Amino acid sequence: MQRKVTKITPVCYNNLMVGEVKRKEIVVMKPYIHKVQYYETDKMGITHHSNYIRWMEEARVDFMEQIGWGYDKMEECGILSPVIGVECEYKKTTRFNDRIRIELEVSGYNGVRLSFRYEMRDIYTENVVAVGESRHCFLSEEGTPMALRKQFPELDHVLKIGLKNDGEPDGEERMPKEAE
(Lines give C-alpha, C1' and ligand atoms only; values in the text may rest on other atoms or scores of the structure.)
Protein backbone atom coordinates (compact mmCIF):
# COMPACT_ATOMS: atom_id res chain seq x y z
CA MET A 1 0.00 0.00 0.00
CA GLN A 2 2.96 2.37 -0.21
CA ARG A 3 2.06 5.35 -2.33
CA LYS A 4 3.76 8.39 -3.76
CA VAL A 5 2.27 11.78 -2.99
CA THR A 6 3.30 15.24 -4.09
CA LYS A 7 4.60 17.14 -1.08
CA ILE A 8 3.34 20.65 -0.41
CA THR A 9 4.87 23.19 1.90
CA PRO A 10 1.90 25.07 3.38
CA VAL A 11 2.35 28.46 5.02
CA CYS A 12 -0.53 30.32 6.66
CA TYR A 13 -0.79 33.99 7.53
CA ASN A 14 -3.95 35.21 9.23
CA ASN A 15 -5.83 32.10 8.05
CA LEU A 16 -4.91 32.76 4.40
CA MET A 17 -3.09 30.03 2.52
CA VAL A 18 0.18 30.83 0.79
CA GLY A 19 2.18 28.13 -0.96
CA GLU A 20 2.44 26.17 -4.14
CA VAL A 21 2.54 22.56 -5.22
CA LYS A 22 6.07 21.29 -5.67
CA ARG A 23 5.41 18.94 -8.57
CA LYS A 24 8.95 17.58 -8.70
CA GLU A 25 9.17 16.63 -5.03
CA ILE A 26 7.74 13.14 -4.51
CA VAL A 27 7.38 11.60 -1.07
CA VAL A 28 7.04 7.85 -0.58
CA MET A 29 4.53 7.39 2.21
CA LYS A 30 5.96 5.41 5.10
CA PRO A 31 3.71 3.09 7.10
CA TYR A 32 3.17 3.92 10.76
CA ILE A 33 4.58 1.42 13.29
CA HIS A 34 2.96 1.11 16.72
CA LYS A 35 4.48 -0.87 19.60
CA VAL A 36 1.75 -2.32 21.82
CA GLN A 37 2.16 -0.92 25.32
CA TYR A 38 1.44 -2.84 28.52
CA TYR A 39 -1.28 -0.38 29.58
CA GLU A 40 -3.12 -1.10 26.30
CA THR A 41 -3.72 -4.72 27.31
CA ASP A 42 -6.47 -6.13 29.50
CA LYS A 43 -6.51 -8.80 32.22
CA MET A 44 -6.38 -11.51 29.54
CA GLY A 45 -3.12 -10.04 28.21
CA ILE A 46 -4.57 -8.95 24.87
CA THR A 47 -4.93 -5.45 23.49
CA HIS A 48 -8.22 -3.82 24.47
CA HIS A 49 -10.33 -3.21 21.35
CA SER A 50 -10.60 0.57 21.91
CA ASN A 51 -6.88 1.01 21.27
CA TYR A 52 -7.11 0.10 17.58
CA ILE A 53 -9.17 3.27 16.98
CA ARG A 54 -6.42 5.29 18.70
CA TRP A 55 -3.78 3.66 16.52
CA MET A 56 -5.78 4.62 13.44
CA GLU A 57 -5.69 8.22 14.64
CA GLU A 58 -1.93 8.03 15.26
CA ALA A 59 -1.43 6.72 11.71
CA ARG A 60 -3.72 9.41 10.25
CA VAL A 61 -1.84 12.20 12.07
CA ASP A 62 1.44 10.73 10.79
CA PHE A 63 0.06 10.57 7.23
CA MET A 64 -1.05 14.21 7.32
CA GLU A 65 2.41 15.24 8.57
CA GLN A 66 4.07 13.25 5.76
CA ILE A 67 2.06 15.09 3.11
CA GLY A 68 2.98 18.44 4.65
CA TRP A 69 -0.39 19.13 6.28
CA GLY A 70 -0.04 18.17 9.95
CA TYR A 71 -3.01 18.91 12.17
CA ASP A 72 -1.13 21.78 13.80
CA LYS A 73 -0.66 23.39 10.38
CA MET A 74 -4.30 22.78 9.44
CA GLU A 75 -5.49 24.40 12.66
CA GLU A 76 -3.18 27.40 12.06
CA CYS A 77 -4.98 27.77 8.73
CA GLY A 78 -8.39 27.58 10.43
CA ILE A 79 -9.19 24.08 9.15
CA LEU A 80 -10.85 21.61 11.54
CA SER A 81 -11.37 17.97 10.56
CA PRO A 82 -13.58 16.09 13.01
CA VAL A 83 -14.25 12.36 12.79
CA ILE A 84 -17.82 11.76 11.60
CA GLY A 85 -17.62 7.97 11.52
CA VAL A 86 -15.26 5.15 12.37
CA GLU A 87 -15.31 1.38 11.95
CA CYS A 88 -12.87 -1.34 12.93
CA GLU A 89 -12.97 -5.07 12.27
CA TYR A 90 -10.73 -7.18 14.49
CA LYS A 91 -9.01 -10.17 12.84
CA LYS A 92 -6.37 -11.39 15.30
CA THR A 93 -5.39 -10.47 18.84
CA THR A 94 -2.30 -8.47 19.67
CA ARG A 95 -0.30 -8.47 22.89
CA PHE A 96 2.20 -6.38 24.82
CA ASN A 97 5.36 -5.61 22.79
CA ASP A 98 3.86 -6.62 19.43
CA ARG A 99 4.81 -4.26 16.61
CA ILE A 100 1.91 -3.29 14.36
CA ARG A 101 2.38 -1.72 10.93
CA ILE A 102 -0.54 0.52 10.02
CA GLU A 103 -0.91 1.43 6.39
CA LEU A 104 -3.61 3.79 5.28
CA GLU A 105 -4.96 5.12 2.05
CA VAL A 106 -7.37 7.81 1.03
CA SER A 107 -10.45 5.79 0.12
CA GLY A 108 -12.81 8.68 -0.61
CA TYR A 109 -12.60 12.41 -1.07
CA ASN A 110 -14.99 14.99 -2.54
CA GLY A 111 -13.54 18.32 -1.38
CA VAL A 112 -15.66 18.50 1.77
CA ARG A 113 -15.47 14.94 3.14
CA LEU A 114 -12.55 12.55 3.40
CA SER A 115 -12.33 8.82 4.13
CA PHE A 116 -9.31 6.72 5.06
CA ARG A 117 -8.97 2.93 4.94
CA TYR A 118 -6.55 1.27 7.38
CA GLU A 119 -4.83 -2.11 7.40
CA MET A 120 -3.01 -3.19 10.55
CA ARG A 121 -0.48 -6.05 10.37
CA ASP A 122 1.88 -7.69 12.82
CA ILE A 123 5.31 -6.77 11.41
CA TYR A 124 6.81 -10.17 12.26
CA THR A 125 4.07 -12.56 11.09
CA GLU A 126 2.47 -10.28 8.46
CA ASN A 127 -0.92 -11.38 9.82
CA VAL A 128 -3.67 -8.82 9.39
CA VAL A 129 -4.79 -7.99 12.93
CA ALA A 130 -7.44 -5.38 12.08
CA VAL A 131 -8.89 -3.33 9.24
CA GLY A 132 -10.79 -0.10 9.60
CA GLU A 133 -12.13 3.07 8.08
CA SER A 134 -12.58 6.61 9.32
CA ARG A 135 -14.66 9.38 7.79
CA HIS A 136 -14.03 13.10 8.27
CA CYS A 137 -15.32 16.45 7.14
CA PHE A 138 -13.69 19.86 6.95
CA LEU A 139 -15.00 22.76 9.01
CA SER A 140 -14.00 26.36 9.59
CA GLU A 141 -13.22 27.52 13.12
CA GLU A 142 -16.83 28.74 13.26
CA GLY A 143 -18.04 25.19 12.64
CA THR A 144 -19.30 25.75 9.09
CA PRO A 145 -18.50 23.28 6.29
CA MET A 146 -15.41 24.16 4.30
CA ALA A 147 -14.81 23.28 0.62
CA LEU A 148 -11.06 22.69 0.35
CA ARG A 149 -11.04 22.89 -3.44
CA LYS A 150 -12.05 26.56 -3.18
CA GLN A 151 -10.37 27.71 0.02
CA PHE A 152 -7.26 25.49 0.14
CA PRO A 153 -6.59 24.18 -3.38
CA GLU A 154 -3.11 22.95 -2.43
CA LEU A 155 -4.49 20.57 0.21
CA ASP A 156 -7.34 19.60 -2.12
CA HIS A 157 -4.80 18.70 -4.82
CA VAL A 158 -2.64 16.49 -2.62
CA LEU A 159 -5.69 14.61 -1.25
CA LYS A 160 -6.91 13.98 -4.81
CA ILE A 161 -3.49 12.57 -5.69
CA GLY A 162 -3.68 10.30 -2.64
CA LEU A 163 -7.05 9.00 -3.84
CA LYS A 164 -5.69 7.57 -7.08
CA ASN A 165 -3.60 4.36 -6.89
CA ASP A 166 -0.96 5.38 -9.42
CA GLY A 167 -0.33 8.78 -7.84
CA GLU A 168 -1.69 10.74 -10.82
CA PRO A 169 -4.73 12.97 -10.41
CA ASP A 170 -7.56 12.14 -12.78
CA GLY A 171 -9.99 14.91 -11.93
CA GLU A 172 -12.45 12.41 -10.45
CA GLU A 173 -13.70 12.95 -6.96
CA ARG A 174 -14.87 9.73 -5.38
CA MET A 175 -16.71 9.16 -2.14
CA PRO A 176 -18.62 6.14 -0.91
CA LYS A 177 -22.33 6.60 -1.71
CA GLU A 178 -23.34 6.71 1.95
CA ALA A 179 -20.96 9.66 2.59
CA GLU A 180 -22.18 11.84 -0.29
Side-chain angles (χ1 to χ4, degrees), residues 1-37 40 50-88 98-121 123 129-141 146-149 151-169 173 175:
M1 258 209 258
Q2 276 196 346
R3 61 174 67 250
K4 294 180 180 181
V5 175
T6 303
K7 180 117 178 186
I8 297 172
T9 307
V11 181
C12 292
Y13 297 100
N14 298 326
N15 292 338
L16 297 175
M17 189 65 208
V18 179
E20 61 183 60
V21 176
K22 295 181 179 179
R23 296 191 186 275
K24 294 182 181 178
E25 185 179 353
I26 301 295
V27 176
V28 176
M29 302 308 296
K30 297 175 190 156
Y32 179 77
I33 306 295
H34 179 84
K35 177 182 174 186
V36 178
Q37 302 298 313
E40 295 175 315
S50 65
N51 290 296
Y52 294 84
I53 303 298
R54 293 175 194 195
W55 301 349
M56 288 163 52
E57 181 172 358
E58 291 173 13
R60 184 173 63 254
V61 168
D62 182 66
F63 172 86
M64 296 303 290
E65 288 173 356
Q66 287 188 58
I67 66 170
W69 280 89
Y71 278 88
D72 55 343
K73 186 61 71 178
M74 286 177 44
E75 289 176 2
E76 284 176 26
C77 293
I79 305 170
L80 304 177
S81 184
V83 175
I84 57 175
V86 66
E87 297 172 14
C88 189
D98 284 351
R99 304 299 194 285
I100 308 304
R101 181 178 63 245
I102 305 168
E103 294 186 8
L104 71 135
E105 65 183 13
V106 176
S107 59
Y109 175 66
N110 68 4
V112 178
R113 292 186 184 186
L114 172 67
S115 296
F116 290 105
R117 189 173 305 126
Y118 305 82
E119 182 178 80
M120 295 168 246
R121 289 182 177 268
I123 66 170
V129 298
V131 293
E133 183 177 22
S134 64
R135 292 174 301 284
H136 311 264
C137 65
F138 296 100
L139 302 175
S140 69
E141 291 175 321
M146 179 179 280
L148 293 184
R149 67 183 137 220
Q151 295 170 283
F152 294 92
E154 296 89 353
L155 177 54
D156 177 71
H157 180 74
V158 78
L159 291 173
K160 283 179 182 173
I161 290 172
L163 183 61
K164 185 108 164 77
N165 285 336
D166 63 7
E168 292 298 322
E173 297 167 14
M175 273 303 282

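What you see is a predicted model, and the numbers here were worked out from it, not measured in a lab.
In this structure, CG on L104 lies 10.0 Å from CE on M120, to the nearest 0.5 angstrom. The distance from the CG atom of N51 to the SG atom of C88 is 10.5 Å, given to the nearest 0.5 Å. Atom-to-atom distance recorded for I67:CD1 and I161:CD1 is 9.5 Å, nearest 0.5 angstrom. Between the CE atom of M74 and the CG atom of L80 there is a distance of 8.0 Å, given to the nearest 0.5 Å. Here CH2 of W69 is found 12.0 Å from OG of S81. Values are rounded to the nearest 0.5 Å. Atom-to-atom distance recorded for F116:CZ and Y109:OH is 10.5 Å, nearest 0.5 angstrom.
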Practice problem: Give the intermediate values and the outcome of side chain to side chain contact (heavy atoms under 4.5 Å, CB included) for residues Y52 and I102. | Solution: CA-CA 10 Å; Y52 294 84; I102 305 168; over 6 Å; no
Exercise. Go through V106 and F63 one step at a time and tell me if the side chain to side chain contact (heavy atoms under 4.5 Å, CB included) criterion holds.
Key: CA-CA 10 Å; V106 176; F63 172 86; 4.0 Å; yes
Quiz item: What do the steps show when you test V83 against M56 for side chain to side chain contact (heavy atoms under 4.5 Å, CB included), and what is the final call?
Solution: CA-CA 12 Å; V83 175; M56 288 163 52; over 6 Å; no
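When all heavy atoms are compared, the tightest approach of Q151 to P153 is C-CD, 3.6 Å. Residues E119 and R121 approach most closely at OE1-NE, 3.0 Å, considering heavy atoms. Closest of all the heavy-atom pairs between I84 and C137 is CG2-SG, 3.9 Å. When all heavy atoms of D156 and G111 are compared, the closest pair comes out as OD1-CA, 4.0 Å. Between E141 and E75, the shortest heavy-atom distance links the atoms OE2-O, 3.9 Å. Closest of all the heavy-atom pairs between P82 and L139 is CG-CD1, 3.8 Å.
Remark: of the listed residues E133, E103, E105, E105 is the sole one forming a side-chain hydrogen bond (donor to acceptor under 3.5 Å, both in side chains) with R117.
D62 places a side-chain heavy atom less than 4.5 Å from the side chain of Q66. Here the side chains of L148 and L114 are not in contact, with every heavy-atom distance at 4.5 Å or above.
A salt bridge links R135 with E87; the closest basic N to acidic carboxylate O contact falls under 4.0 Å. By the 4.0 Å N-to-carboxylate-O rule, R54 lies too far from E57 to be salt-bridged with it.
When ring centroids are compared, F152 and F138 stay outside the 6.0 Å threshold.
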